[in-house]
Amino acid sequence: MDLILFGMQGAGKGTVGKKIAGHFGLEIFETGAALRELASQDSELGRKIKKIIEAGNLVPNEVVMEIVENFIKTLPVGSNILFDGIPRKVEQANSLNKLLNKLERPYRAVLIDISKETALRRLTTRKICSSCKEVYPASYTKSVCEKCNSSLTTRADDNPESIKVRLEAFDRETLPAIELYSDKLIKIDGEGTIEEVAELAEKTLKEII
Ligand code: AMP
């Protein structure tokens, strides 16, 4: 069974997603990372995608869906996937569902649920490694990255104005997409620490994966 992972910015989606994938042996499709990889290629498409990402716009749906389909084709038979960062809007949800149905891949959706206040608090206080880009919550008290020892900084787009815009985009575009999955949706309370949320997710998902 594949999982489609949803969560407002600050829900811990990336970190908890990696833990869930590790626990259940799922392959992660990380949409933003896959698109950045494409954008780094010296090709006409690569250059086009790079411009779109740098402008902060969404990459056209056909391009994203082609990458997803290619990713699925490279996996060994029997692999299950955790989709992170897709779908971002209703149109994309319809395309993804159509593709998964065509490939006869059953799926469920998972929402890591947090309040807007929690999202705001976490986004304005989290830190990121200036070198390897590992993200640390406010509760992390060391001043250097645990992985590569570089200094920590805040993400350039984690300022109140940009955060507001991103949270509004989530409400406007992603919430209606999540509603399409209401009969397949599992909600996980995301208010706890990363470890608590991951444990809760693993316990809840154990029954269905
Ligand atoms: P992220 O790493 O999720 O912050 O995504 C980085 C950038 O990749 C976004 O600003 C978009 O330009 C693009 N992107 C990520 N996910 C999607 C998606 N599902 N559909 C279209 N574009 C996306």
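We count ligands from 1, going down the list as the structure has it; atoms in each ligand are counted the same way.
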Between Q92, R88, R36, which one has a non-hydrogen atom sitting closest to atom 6 (C) of ligand 1? R36
Looking only at distances, can you tell me whether any N or O atom of L58, backbone or side chain, sits closer than 3.5 Å to an N or O atom of ligand 1? no
Please check if a non-hydrogen protein atom sits closer than 4.0 Å to atom 19 (N) of ligand 1. yes
Nearest neighbour in protein (non-hydrogen) for atom 13 (C) of ligand 1: L35 CD1, 3.6 Å
Looking only at side chains, do E191 and T118 share a donor and an acceptor under 3.5 Å apart? yes
Can you tell me the protein heavy atom closest to atom 12 (O) of ligand 1 and the distance? N57 O, 2.5 Å
Starting from the C-alpha separation in whole Å, work towards a yes-or-no answer on side chain to side chain donor-acceptor pair (under 3.5 Å) for S130 and T153. CA-CA 6 Å; S130 54; T153 171; over 6 Å; no
Note the single closest protein heavy atom to atom 17 (C) of ligand 1, along with its residue, its atom name and the distance in Å. T31 CG2, 3.7 Å
Distance col, row N61:CG vs L96:CG, nearest 0.5 angstrom, shows 9.5 Å
Atom CD of E199 and atom CD1 of I188: how far apart are they, to the nearest 0.5 Å? 12.0 Å
Atom CG of L175 and atom NZ of K89: how far apart are they, to the nearest 0.5 Å? 15.5 Å
Should R108 and D2 be marked as a salt bridge (charged side-chain N to carboxylate O under 4.0 Å, His left out) after you check the CA-CA gap, both sets of side-chain angles, and the distance that decides it? CA-CA 6 Å; R108 295 289 292 266; D2 293 339; over 6 Å; no
Nearest heavy atom to atom 7 (C) of ligand 1, choosing from N61, I67, I53, belongs to I53
Nearest non-hydrogen atom to atom 22 (N) of ligand 1 belongs to which of L96, I86, V59? V59
Would you say V64 and ligand 1 have an N/O pair spaced under 3.5 Å apart? no
Relative to Y107, does K184 satisfy both conditions: NZ or CZ under 6.0 angstrom from the six-membered ring centre, and within 45 degrees of the ring's axis? yes
In the protein, which heavy atom is nearest to atom 5 (O) of ligand 1, and how far is it? G32 CA, 3.8 Å
